[in-house]
Amino acid sequence: MPDSDRDSFFSSALLGWYDPDRRPMPWKAISDPYRIWLSEIILQQTRVEQGLPYFERFVTAYPEVGDLAAAEDEAVMKLWEGLGYYSRARNLLKAARMVVGSHDGVFPDTYAGLRTLPGVGPYTAAAIASFAFGRQVAVLDGNVFRILSRFYNDSTPIDTGKGRKHYQELVDGAMGTADARLFNQAIMDFGALVCTPKQAKCSHCPLTERCKALAENTVYDLPVKEKKLKRRTRYFHFLVLADEKGQTIIEQRLEKDIWQNLFQFPLIETDEPGLGTNALALHANWPDWIATNDLRFVKRSAPLKHQLTHQTIHVVFHHFSWKGMPEKISGKIILNNKMFENYAFPRVITRYLADKSLLLDLF
DNA sequence: AAGACGGGGCG
DNA sequence: CGCCCAGTCTT
């Protein structure tokens, strides 16, 4: 049941609290749809501090949407390297090319039009529509779920279709006729600075007098999620194959899996934990294009645990020298020393490569 | 509706 | 170690 009195208290208190300068961001004070779109894609499931340097890199490399549309796929993946959720980078490029190819270089200026761009879902379409075009649409993101579930002491799960619809109605009502651009920025700043997941700043919150979760002492029980996180465990063995000319081999991940389109050292994935190099060379998954009698084992890295949100990956790097490595290998790329900078790698590999002492005996 | 998809920061 | 972050797409 709508509670317009409560809604108007919420929006006026929120806007009274809001000060755009408290959390400055380069895309906040502008209305350029390209930059707003770029920032919103980067910030999906990503903290502002983490995304900010990437935003700067992209704007510098591609000042306008046409520059991005004309970029090489590999250059864009390389610029995105390390940020995660790489489908965002692939869709970023697709969308830029769509804007240039099908919309004459001009971004759609409606919620529905924006939704047709790949990578632009309900949240991002609302954000761009309000920030860039002043459309009267409210954003629904993690902050909004948390703030509204608390303010109304509402235990409706946020991770179901019904829940999303419910909270969209709540936030639409709360925004009312307030300036959408201000309201949306205010509610997200408020979630980041005051109504935080932990250690919420209830002692100086402008909404305390009517916050139901505070009154009921349920602040840290909200919001409610229905689904539990499931985690998969995987075992990755990367083969670092170096020849006497200082060359090594990489391959691109093309399957529908983690790190799609990124590069890696030739990978053997096994179901068994704790496999040593000898057992690996005898394993059924050993690639047929490497004859083990041509290799000389050099060393093996310590086992690394690469912890992701949905996967725990145990990684070992196995170093071999390969005299007479072929000049060409179908489906693989032969790299010489400094060429790593042209290819995007997962963090577990860039971090490994960054260790100078490892690289020394590699080449 | 349920899974899949990264990486980092913080308690 | 578990949770969360300016979510979206596929199945």
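Chain letters run A, B, ... following the sequence lines, proteins first and then strands; every chain starts at 1.
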Can you work out whether A/M25 or A/L117 has the more 5'-proximal nearest nucleotide on DNA chain C?
A/M25
Any donor-acceptor N/O pair under 3.5 Å between B/dG6 base and A/T46 side chain:
yes
Over 12 foreign heavy atoms within 6.0 Å of CD, A/E72:
no
Between C/dT10 and B/dG6, how far is it from one P atom to the other, in whole Å?
14 Å
Return the value, rounded to whole Å, for the distance between atom CZ of A/R181 and atom C1' of C/dA6.
15 Å
Return the nearest nucleotide to the side chain of A/P197; candidates are C/dC5, B/dC5, C/dG2.
C/dC5
C/dA6 versus B/dA4 - spacing of their P atoms, nearest Å:
25 Å
Please classify the nucleic acid contact of A/W27 as base, sugar-phosphate, or nothing, using heavy-atom distances under 4.0 Å.
base
Under-4.0 Å side-chain N/O to phosphate OP1/OP2 contact, A/R90 with C/dC9
no
Whole-Å distance between B/dG7 P and A/Y85 OH?
10 Å
Answer yes or no: is there an ion pair linking A/K165 with A/E169, defined by an N-O contact shorter than 4.0 Å?
yes
Atom CG of A/D271 with >12 non-hydrogen neighbours under 6.0 angstrom:
no
Given the ring of A/F151, does A/R6 sit roughly above its face, with NZ or CZ under 6.0 Å from the centre of the six-membered ring and within 45° of the axis?
yes
Select one nucleotide: of B/dG7, C/dA6, B/dG8, the one nearest the side-chain heavy atoms of A/W259.
B/dG7
How long is the line joining CD of A/Q260 and C1' of C/dT10, in whole Å?
12 Å
With nearest nucleotides of DNA chain B determined for A/Q44 and A/E226 from heavy-atom distances, which residue corresponds to the more 5′ nucleotide?
A/E226
Counting any heavy atom closer than 4.0 Å, what does A/R164 reach on the DNA or RNA strands: base, sugar-phosphate only, or nothing?
nothing
Looking at every strand, decide which applies to A/L229 at a 4.0 Å heavy-atom threshold: base, sugar-phosphate, or nothing.
nothing
Measuring from the side chain of A/D257 (C-beta onward, heavy atoms only), which nucleotide among B/dG8, C/dA6, B/dC5 has the closest atom?
B/dC5
Candidates C/dT10, C/dA6, B/dG6 - which lies nearest the side chain of A/K256:
C/dT10
Please determine whether a side-chain nitrogen or oxygen atom of A/R115 lies at a distance below 4.0 Å from atom OP1 or OP2 of C/dT8.
no
Distance in angstrom units between A/I313 CD1 and B/dA4 P, rounded
13 Å
Taking any heavy-atom pair under 4.0 Å as a contact, classify A/G51: base, sugar-phosphate, or nothing.
nothing
Is A/R347 touching bases, backbone alone, or none of the nucleic acid, heavy atoms closer than 4.0 Å?
sugar-phosphate
By nearest atom, which of the nucleotides C/dA6, C/dC9, B/dC5 is closest to the A/R232 side chain?
B/dC5
To the nearest angstrom, how far is A/Q311 atom CD from B/dG7 atom P?
10 Å
Do A/T309 and B/dG6 have a side chain to base donor-acceptor pair shorter than 3.5 Å?
yes
Would A/R57 count as a cation-pi partner of A/W80, with NZ or CZ less than 6.0 Å from the six-membered ring centre and within 45° of the ring normal?
no
Is any side-chain N or O of A/H310 closer than 4.0 Å to OP1 or OP2 of B/dG3?
no
Which nucleotide in the list B/dG9, C/dG7, C/dA6 gets nearest to the side chain of A/Q45?
C/dG7
Does the pair A/D3/A/R210 count as a salt bridge with the N-to-O cut at 4.0 Å?
no
Rounded to whole angstroms, how far apart are CZ on A/R88 and C1' on B/dG6?
8 Å
Assess the pair A/W259 and A/Y86: is the distance between their ring centroids shorter than 6.0 Å?
no
Whether the side chain of A/Y123 and the base of C/dG7 hold a donor-acceptor pair under 3.5 Å is what I'd like checked.
no
Is there a side-chain contact between A/K198 and the phosphate of B/dG11, meaning an N or O under 4.0 Å from OP1 or OP2?
no
Between A/D159 and A/P346, name the one whose nearest nucleotide on DNA chain B is closer to the 5' end.
A/D159
Selected nucleotide, minimal atom distance to A/K230 side chain, candidates B/dG3, B/dG9, B/dC5
B/dG3
For A/T124, report the nucleic acid contact type (base, sugar-phosphate, nothing); a contact means any heavy atom under 4.0 Å.
sugar-phosphate
Atom-to-atom span, CG of A/D189 to P of C/dC5 - whole angstrom:
14 Å
Geometric cation-pi criterion, A/R181 with A/F131: 6.0 Å, 45°
no
For A/L92 and C/dC9, what is the distance between atoms CG and C1' respectively, to the nearest whole Å?
16 Å
Using a cut-off of 4.0 Å on non-hydrogen atoms, how would the nucleic acid contact of A/K225 be classed: base, sugar-phosphate, or nothing?
sugar-phosphate
With a non-hydrogen cut-off below 4.0 angstrom, is A/V144 in contact with a base, only sugar-phosphate, or nothing?
nothing
In terms of side-chain heavy atoms of A/K305, which of B/dG8, C/dC4, C/dC1 is nearest?
C/dC1
